[in-house]
Amino acid sequence: MRSRYTAFAVGDAAYLRDTWHVSTRPDPIEIEPDLVWRRLVIVDREAGGPFDRDGVVEFEAFWRQGEDRGSLRERSRFVREDRRWLYLDGDLR
């Protein structure tokens with residue numbers, strides 16, 4: 001989760017594509033150039049350990065866009081394939 005947040009923050013669409021499950025990955029992956037991600041807080045997690053095949057991470061990410069400020073809170077599902085964690089989908093809170 002932290003690496004994907006960083007990828008959004010620096011605009012690394014290639015990394016996001018590489019870590020997004022093919023069954024749910026959008027094409028293209030759009031990054032808003034004037035959206036600045038400021039901080040990530042992990043609120044909760046379920047499973048996602050070294051022997052798990054799936055996991056859930058709930059987070060809140062804080063942003064700024066011009067004079068506007070806000071946050072995005074999501075409960076994200078991840079799956080492990082070939083020893084790599086992939087983002088599957090998420091529910092906004």
Where do Ser71 and Glu60 come nearest, in terms of heavy atoms and distance?
OG-OE2, 2.7 Å
When you group the ILVMFWY residues by side-chain heavy-atom contacts below 4.5 Å and let the links chain together, are Val56 and Phe78 in the same group?
no
Joint hydrophobic cluster, Ile42 plus Trp63, side-chain heavy atoms closer than 4.5 Å
yes
Specify the closest pair of heavy atoms between Ala61 and Leu40, including all atoms of both residues, with the distance to one decimal.
CB-CD1, 4.3 Å
Consider only side-chain heavy atoms of I, L, V, M, F, W and Y, link residues closer than 4.5 Å, and tell whether Tyr15 and Phe8 are in one cluster.
no
Test salt bridge (charged side-chain N to carboxylate O under 4.0 Å, His left out) on Arg77 and Asp89 and set out the steps.
CA-CA 5 Å; Arg77 293 189 313 148; Asp89 60 20; 2.7 Å; yes
Point-to-point distance, once rounded to the nearest 0.5 Å, from CG of Asp18 to CZ of Arg84:
4.5 Å
Find out whether Tyr87 and Met1 are in side-chain contact, i.e. whether some heavy atom of one side chain is under 4.5 Å from a heavy atom of the other.
no
Can you confirm whether Phe59 sits close enough to Val43 that some side-chain heavy atom of one is under 4.5 Å from a side-chain heavy atom of the other?
no
For the pair Arg80 (side chain) and Asp52 (backbone), establish whether a donor and an acceptor sit closer than 3.5 Å, ignoring hydrogens and angles.
yes
Give the minimum heavy-atom separation between Tyr5 and Arg38, together with the two atoms involved.
OH-C, 3.3 Å
Please examine the side chains of Arg25 and Leu86, heavy atoms only from C-beta on, and report whether any two atoms are closer than 4.5 Å.
no
Leu16 side chain reached by Ile31 side chain, heavy atoms, under 4.5 Å
yes
When every non-hydrogen atom of Trp85 is compared with those of Gly49, the smallest separation belongs to CZ2-O, 3.7 Å
Shortest non-hydrogen contact from Glu74 to Ser76?
OE2-OG, 2.6 Å
Separation between CZ (Arg93) and CD (Glu58), nearest 0.5 Å, reads 5.0 Å
Treating Arg2 as the side-chain partner and Arg4 as the backbone partner, does any N or O pair qualify as donor plus acceptor under 3.5 Å?
no
Tell me, do Trp37 and Leu72 make a side-chain contact under 4.5 Å, heavy atoms counted?
yes
Could you tell me if the side chain of Glu81 sits less than 4.5 Å from the side chain of His21, heavy atoms only?
yes
Report yes or no: is the cationic atom of Arg39 (NZ for Lys, CZ for Arg) closer than 6.0 Å to the six-membered ring centre of Phe62, at no more than 45° off its axis?
yes
